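Source: prediction; values computed, not measured. Per chain, numbering begins at 1; letters A, B, ... match sequence-line order.
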Protein chains: 2
Amino acid sequence: MRIGELSERTGVPRRLLRYYEEQGLVVPDRLPNGYRDYDERYVDRVAQIRGLLDAGLPTRIIKQILPCLDKPRVIHMSDVTPEMLATLERERDRMTERIDHLTRNRNAVCEYLAAVREESA
Amino acid sequence: MRIGELSERTGVPRRLLRYYEEQGLVVPDRLPNGYRDYDERYVDRVAQIRGLLDAGLPTRIIKQILPCLDKPRVIHMSDVTPEMLATLERERDRMTERIDHLTRNRNAVCEYLAAVREESA
DNA sequence: ATTGACCTTCACATCTATGTGAAGGTTCGA
DNA sequence: TCGAACCTTCACATAGATGTGAAGGTCAAT
């Protein structure tokens, strides 16, 4: 599919789909006329990228961990460098921290909302 | 305490402490000479702000929800506007989504790491 | 053949969180 | 009284994710 359809199906602006390509997150084929040609699986792929971006990961990191989240995973096992592993562990920890922060603060918000509702009841 | 001490104790650059003030997240007193004078509780406050920023919330939103996360909460109950409540609910949902994304992807990273370790065992 | 809806690249603009430095005031100890 | 180590404001710079528009190519339908 071309960029317009992918954009519509994912809700991600064309501009950003091109940006993600520039950042190496997606590598669509090209039609003879130069148009980008996206594989069906890019729908999920883009959603995942958005999820990771929304989760606060920069494209630089997403580019690194994205291949690892793919299946079949065994393919990528062989060429994993120690730096790569270190990056992954670091990011895993950062993600854990983020989850922690988010959870705590979201719960606080929930509590507050509950309290407000209680009061006006 | 002055800005230098708070900076050291929180690990947050002075520049950012001033920025947070500019954004209305903190409102330190001023000494007669114009120096910022931070209350002891700003240590926790700043840590919380950093947590929220790291969690992906913009200062604009943090400014709004910060007072709600404070205790005693009853104080703030009275002057809560419907827009405020809407914002809070929206942010709560966004946070929940983020937590979800983060959790899923972190688990994927964990699985990958486990698989790699398994293989090299 | 022209129009309209796609697509391309290029490039400049914006917003947020930051870095960095200039120019200058305050405080304190040697 | 001098210097070091603070502090102030102002202001310009950067980086990442995005908006936006120009200038132009492609293609299908009329």
Colleague: Each nucleotide N or O in nucleotides 27-30 of chain C that has a protein N or O under 3.5 Å away: list the pair and distance.
Modeller:
unit_1	atom_1	unit_2	atom_2	d
C:dT27	OP1	B:Asn33	ND2	3.0

Colleague: Would you call B:Glu111-B:Arg104 a salt bridge at under 4.0 Å N-O?
Modeller: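 No, B:Glu111 and B:Arg104 are not salt-bridged.
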Colleague: Compare the minimum distances between each of D:dT18, C:dC7, C:dT8 and the side chain of A:Arg50, then state the nucleotide with the smallest one.
Modeller: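 Of all the options, the side chain of A:Arg50 is nearest to D:dT18.
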Colleague: In whole angstrom, give the distance that lies between atom CD1 of B:Ile61 and atom C1' of C:dT16.
Modeller: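 From B:Ile61 CD1 to C:dT16 C1': 13 Å.
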Colleague: Going hydrophobic residue to hydrophobic residue with side-chain gaps under 4.5 angstrom, can you get from B:Val26 over to B:Met1?
Modeller: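 Yes, one cluster joins them.
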Colleague: Give me the distances for all protein-to-nucleotides 19-23 of chain C N/O pairs that come in under 3.5 Å?
Modeller:
unit_1	atom_1	unit_2	atom_2	d
C:dG19	O6	B:Arg15	NE	3.4
C:dG19	O6	B:Arg15	NH2	3.2
C:dT20	O4	B:Arg15	NE	3.0

Colleague: Quick one: which of C:dT8, D:dT8, D:dT18 gets closest to the side chain of B:Ile3?
Modeller: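 My answer, after comparing the listed nucleotides, is D:dT8.
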Colleague: Apply the side chain to side chain donor-acceptor pair (under 3.5 Å) test between A:Tyr20 and each candidate in A:Lys63, A:Arg50, A:Arg15, A:Arg45; give the one that qualifies.
Modeller: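 The side chain to side chain donor-acceptor pair (under 3.5 Å) with A:Tyr20 is passed solely by A:Arg50 among A:Lys63, A:Arg50, A:Arg15, A:Arg45.
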Colleague: With the threshold set at 4.0 Å, does a side-chain nitrogen-carboxylate oxygen contact exist between A:Arg9 and A:Glu40?
Modeller: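 Salt bridge: yes.
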Colleague: Rounded to the nearest Å, what distance is computed from the CG atom of residue A:Asp37 to the P atom of nucleotide D:dC27?
Modeller: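 After rounding, the gap between these two atoms is 13 Å.
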Colleague: How close or far is atom P of D:dG16 from atom CG of A:Asp54, stated in whole angstroms?
Modeller: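 It works out to 19 Å between those atoms.
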Colleague: Passes side chain to side chain contact (heavy atoms under 4.5 Å, CB included), B:Tyr19 versus B:Val12? Steps please.
Modeller: CA-CA 11 Å; B:Tyr19 174 66; B:Val12 176; over 6 Å; no
Colleague: Considering only C:dT16, D:dT18, D:dT8, which nucleotide approaches the side chain of A:Tyr20 most closely?
Modeller: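 The listed nucleotide nearest to A:Tyr20's side chain is D:dT18.
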Colleague: Could you tell me whether A:Glu22 and A:Arg36 have a side-chain N and a carboxylate O separated by less than 4.0 Å?
Modeller: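 So A:Glu22 does not pair with A:Arg36 through a salt bridge.
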Colleague: Quick one: B:Arg14 CZ to D:dC6 P, roughly how many Å, whole number?
Modeller: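 Result: 7 Å.
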Colleague: Within the structure shown, what part of the strands sits under 4.0 Å from A:Arg18 by heavy-atom distance: base, sugar-phosphate, or nothing?
Modeller: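 Base: the residue A:Arg18, judged by heavy atoms under 4.0 Å, touches a nucleobase.
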Colleague: Looking at D:dT18, I'd like to know if its phosphate oxygens (OP1 or OP2) sit under 4.0 Å from a side-chain N or O belonging to A:Tyr19.
Modeller: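 For D:dT18, neither OP1 nor OP2 has a side-chain N or O of A:Tyr19 closer than 4.0 Å.
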Colleague: How close or far is atom P of D:dC6 from atom OH of B:Tyr38, stated in whole angstroms?
Modeller: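 Between P of D:dC6 and OH of B:Tyr38: 16 Å.
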Colleague: Rounded off to whole Å, could you give me the CD-to-P distance for the B:Glu22 and C:dT18 pair?
Modeller: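 Going from B:Glu22 (CD) to C:dT18 (P), I get 13 Å.
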Colleague: At under 4.0 Å between heavy atoms, what does B:Leu31 touch on the DNA or RNA strands: base, sugar-phosphate, or nothing?
Modeller: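 Nothing, no heavy atom under 4.0 Å.
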Colleague: Check B:Arg2 with B:Asp37, please: is the shortest side-chain N to carboxylate O separation under 4.0 Å?
Modeller: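 Not counted as a salt bridge, because no side-chain N and carboxylate O are separated by less than 4.0 Å.
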Colleague: Using OP1 and OP2 only, check whether a side-chain N or O of A:Thr59 sits under 4.0 Å from D:dA17.
Modeller: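 It does, given that an N or O in the side chain of A:Thr59 lies less than 4.0 Å from OP1 or OP2 of D:dA17.
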Colleague: Round to a whole Å and report the spacing from CG of B:Leu17 to P of C:dA17.
Modeller: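 Going from CG in B:Leu17 over to P in C:dA17 covers 14 Å.
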Colleague: Between A:Arg117 and B:Glu89, is there a salt bridge with N-O shorter than 4.0 Å?
Modeller: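 Salt bridge present between B:Glu89 and A:Arg117.
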Colleague: Write down the atom of B:Gly4, the atom of B:Arg14, and the distance for their closest heavy-atom approach.
Modeller: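 Result for this residue pair: CA-NH1, 3.7 Å.
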Colleague: If each of B:Arg36 and B:Glu8 is mapped to the nucleotide of DNA chain D with the nearest heavy atom, which maps nearer the 5' terminus, i.e. the 5' end?
Modeller: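 In this pair, the answer is B:Glu8.
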Colleague: Separation of B:Gln23 atom CD from C:dC15 atom P, in whole Å?
Modeller: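 Roughly 13 Å, once rounded to whole Å.
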Colleague: Nearest heavy-atom pair of B:Leu52 and B:Met95: which atoms, and what distance?
Modeller: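 That closest heavy-atom pairing would be CD2-CE, 4.4 Å.
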